[in-house]
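Heads up, the thing below is written out as structure tokens.
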Number of protein chains: 2
Amino acid sequence: MTAVVWAGGMRFVGKGASGHEVSMDAAAPLGADSGARPVETLLCALGGCTGMDVVSILRKMKNEPRSFRIEIEDERATEYPKVLRKIRLTYIAAGAIPEENLRKAIDLSLAKYCPIANTLAGVAEIRYEARVDAS
Amino acid sequence: MTAVVWAGGMRFVGKGASGHEVSMDAAAPLGADSGARPVETLLCALGGCTGMDVVSILRKMKNEPRSFRIEIEDERATEYPKVLRKIRLTYIAAGAIPEENLRKAIDLSLAKYCPIANTLAGVAEIRYEARVDAS
């Protein structure tokens with residue numbers, strides 16, 4: 001079970017079975033900006049989920065990156081409810097990795113392994129770009 | 001934009017426009033358990049999102065709680081892709097709050113204000129319980 005506890009103002013601290021805290025807050029003046037916004041936290045969760053898959057798969061291909069990051073942009077409905085409509089992921093890996101292998105790893109994550117991407121894909125359009133910096 | 005950066009092993013650190021870090025990691029032995037799991041992080045994001053709505057609305061009703069927390073349980077598909085199928089939220093407030101007002105605040109959040117709940121409701125069944133501890 002995951003519990004999210006109100007810590008006054010607009011601050012909430014969540015904790016799941018792992019026991020690690022996830023702090024969230026609203027921007028001032030409504031909140032005290034003591035933690036990430038909930039939607040940022042959701043996008044981080046998506047990036048961590050698909051990122052772990054991609055690193056795991058690249059390792060199995062003997063293509064562990066030197067560095068790796070995912071940039072995420074979202075587009076939400078302009079009227080309430082402001083649901084996520086589009087998510088754009090840019091995967092950027094550095095190292096001697098064939099771009100084809102990076103794409104293969106991403107495709108496996110987005111179509112099969114990442115529960116968060118597969119859940120969100122039921123409501124939002126998810127697109128990605130992949131870049132290898134071989135230098 | 002939100003960026004999620006690989007920090008070695010299975011550790012990823014995300015950061016959105018607010019600048020606050022969200023750390024994630026896998027359990028040992030795959031990861032080093034240095035942060036929350038991605039799906040826990042997603043459920044925390046959901047709780048923070050709807051929690052901020054509920055506290056804001058209760059304040060407008062002059063019903064600010066003495067304490068407040070949300071417990072979240074999820075059910076995922078057993079086969080890949082293991083998408084979220086069901087989410088059960090238990091909202092627990094302490095204070096002199098009419099239960100009807102707590103329910104009104106939750107209904108407004110889940111049907112209109114919370115972008116995360118409204119996004120996830122497109123794919124998963126979301127149910128809730130509300131409890132007021134008036135003691």
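Quantities reported herein were computed from a predicted structural model and do not represent experimental measurements. Numbered from 1 within each chain, the chains take letters A, B, ... in sequence-line order.
L84(B) is not listed as a side-chain neighbour of P115(A), based on a closest heavy-atom distance of 4.5 Å or more. Residues P81(A) and Y113(B) form no side-chain contact, since every pair of their non-hydrogen atoms from C-beta on lies 4.5 Å or further apart.
I92(B) and V5(A) are assigned to two separate hydrophobic clusters, defined by single-linkage of ILVMFWY side chains at heavy-atom distances under 4.5 Å. Both L108(A) and L30(B) sit in one connected hydrophobic cluster of ILVMFWY residues. Membership requires side-chain heavy atoms under 4.5 Å apart, directly or through other members. By the criterion of side-chain heavy atoms lying less than 4.5 angstrom apart, applied directly or through intervening Ile, Leu, Val, Met, Phe, Trp or Tyr residues, Y80(B) is not grouped with V123(B); the two fall into different hydrophobic clusters. A single hydrophobic cluster is seen to contain both I116(B) and I87(B), as judged by linkage of ILVMFWY side chains at heavy-atom distances under 4.5 Å, directly or through other members. Under the 4.5 Å side-chain heavy-atom criterion for ILVMFWY residues, no single connected hydrophobic cluster contains both I72(A) and V13(B).
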Hey, can you pull the donor-acceptor pairs under 3.5 Å for the side chains in residues 42-54 of chain A, sequence neighbours left out?
unit_1 : atom_1 : unit_2  : atom_2 : d
T50(A) : OG1    : Y91(A)  : OH     : 2.7
T50(A) : OG1    : S109(A) : OG     : 2.8
D53(A) : OD2    : S109(A) : OG     : 2.8
D53(A) : OD2    : C114(A) : N      : 3.1

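Residue with the most contacts toward chain B among A77(A), A36(A), G122(A): A36(A) (heavy-atom pairs, distance under 4.5 Å). Taking chain A as the reference chain and counting heavy-atom pairs below 4.5 Å, the highest number among G35(B), G14(B), G16(B) is found for G35(B). Interface summary for chain B: among A121(A), A27(A), P65(A), the most heavy-atom pairs under 4.5 angstrom belong to P65(A). Per-residue counts of heavy-atom pairs under 4.5 Å with chain A were compared for S34(B), G19(B), G31(B); the largest is that of S34(B). Chain B forms the most heavy-atom pairs under 4.5 Å with one residue out of G8(A), A17(A), A7(A), and that residue is A17(A). Chain A forms the most heavy-atom pairs under 4.5 Å with one residue out of V39(B), L120(B), D33(B), and that residue is D33(B). Ranking G9(A), S18(A), S23(A), A3(A) against chain B, the residue ahead of the rest is S18(A), based on heavy-atom pairs under 4.5 Å.
Residue pairs satisfying the ring pair (Phe, Tyr, Trp, His ring centres under 6.0 Å) criterion with at least one member in residues 25-53 of chain A, sequence neighbours excluded, are absent. For residues 30-77 of chain B, the set of pairs meeting the ring pair (Phe, Tyr, Trp, His ring centres under 6.0 Å) definition, not counting sequence neighbours, is empty.
The distance from atom CD1 of I70(B) to atom CZ of F12(A), rounded to the nearest 0.5 Å, is 5.5 Å. Atom NZ of K82(B) and atom NZ of K112(A) lie 9.5 Å apart (nearest 0.5 Å).
Of the atoms belonging to A111(B), it is backbone heavy atoms, and not side-chain ones, that fall under 4.5 Å from chain A. Of the atoms belonging to A117(A), not a single heavy atom falls under 4.5 Å from chain B.
For the pair V83(B) and T119(A), the tightest heavy-atom approach, listed with the atom from each and the gap, is CA-OG1, 3.4 Å.
Looking only at distances, no side-chain donor or acceptor of E40(B) sits under 3.5 Å from a matching main-chain atom of K15(A).
For T2(A) and E71(B), the side-chain atoms include no donor-acceptor pair closer than 3.5 Å. Looking at H20(A) and D25(B), their side chains never bring a donor and an acceptor atom within 3.5 Å of each other.
The stretch residues 55-64 of chain B places V55(B), S56(B), R59(B), E64(B) near chain A, each with some heavy atom under 4.5 Å from a heavy atom of that chain.
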